Visitor: 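Let me give you the structure first, and then I'll get to my questions.
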Amino acid sequence: MEKPRPAAGGASAGASAAASAAAPELTERQRRHLRGLAHVLAPVVRLGSAGLTEAVASETARALGDHELIKVKAPGGDRAARDELFAELARRTGSALVHRIGNVAVLYRPRAEPPGLVIPDR
């Protein structure tokens, strides 16, 4: 059975298709491996004062489709609010929240074709 692909065209179509996909379940070993790979990455998505908008979710979904593993930077402030923001962004994009430190989070969503990152088996 073939996996559904995001519709070409509107940015919101990509975000909604990504949200319908389940976030990958990662073991601690896989998280550790992905944290190591993400260490050298620079944030590719930065959240502004408007917070988590549909445009930010769409751009994050597009970046995950391109890179599979990305860093997202949020503005400083309340830690609990940032944690909720990162969790909501991961949910909307169908990605796994690998790690969060300070105001930077690492998100991972595997790409079906062509396969990108190789992570250890469970």
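All of these numbers come straight from a predicted model, not from anything done at the bench. Note that the numbering runs from 1 along the sequence shown for the chain. Every heavy atom of this structure was used, including side-chain atoms; hydrogens, water molecules and symmetry mates were not.
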Visitor: Identify the heavy atoms of P110 and E68 that sit nearest to each other, and give their distance.
Guide: CA-OE2, 3.4 Å
Visitor: Check whether any side-chain N or O of R111 sits under 3.5 Å from a backbone N or O of G65 as a donor-acceptor pair, and report yes or no.
Guide: yes
Visitor: Test your reading of the model: is there a side-chain donor-acceptor pair from R100 to the backbone of D83, 3.5 Å cut-off?
Guide: no
Visitor: Please report the closest heavy-atom contact between F86 and A74, naming both atoms and the distance.
Guide: CZ-CB, 3.6 Å
Visitor: Within this structure, what is the OG1-CZ distance for the pair T27 and R32, rounded to the nearest 0.5 Å?
Guide: 8.0 Å
Visitor: Let me check something: do L34 and L41 share a hydrophobic cluster, defined by ILVMFWY side-chain heavy atoms less than 4.5 Å apart, either directly or through other members?
Guide: yes
Visitor: Transitively linked via ILVMFWY side-chain contacts under 4.5 Å: I70 with L52?
Guide: yes
Visitor: Test S95 against every option in T93, L97, V98 by the side chain to side chain contact (heavy atoms under 4.5 Å, CB included) rule and name the one that passes.
Guide: T93
Visitor: Indicate, with yes or no, if V106 and L47 share a hydrophobic cluster defined by side-chain heavy-atom contacts under 4.5 Å among Ile, Leu, Val, Met, Phe, Trp and Tyr.
Guide: no
Visitor: Any link between L89 and V104 through a network of hydrophobic side chains (Ile, Leu, Val, Met, Phe, Trp, Tyr) touching at under 4.5 Å?
Guide: no
Visitor: Taking all heavy atoms of N103 and all of G76, pick out the closest pair and write down the distance.
Guide: ND2-N, 4.3 Å
Visitor: According to a hydrophobic-cluster definition based on side-chain heavy atoms being under 4.5 Å apart (Ile, Leu, Val, Met, Phe, Trp, Tyr only), do V56 and L107 belong together?
Guide: yes
Visitor: Considering all heavy atoms of both residues, which atom of P24 and which atom of G94 are nearest to each other, and what is their separation?
Guide: CD-O, 3.8 Å
Visitor: Start with the C-alpha gap between Q30 and H33, add the side-chain angles, then the distance that decides, and say whether side-chain contact (heavy atoms from CB on, under 4.5 Å) holds.
Guide: CA-CA 5 Å; Q30 291 169 329; H33 178 76; 5.6 Å; no
Visitor: Charged N to carboxylate O below 4.0 Å: is that the case for E28 and R35?
Guide: yes
Visitor: Could you tell me whether the side chain of H39 reaches within less than 4.5 Å of the side chain of H99, counting heavy atoms only?
Guide: no
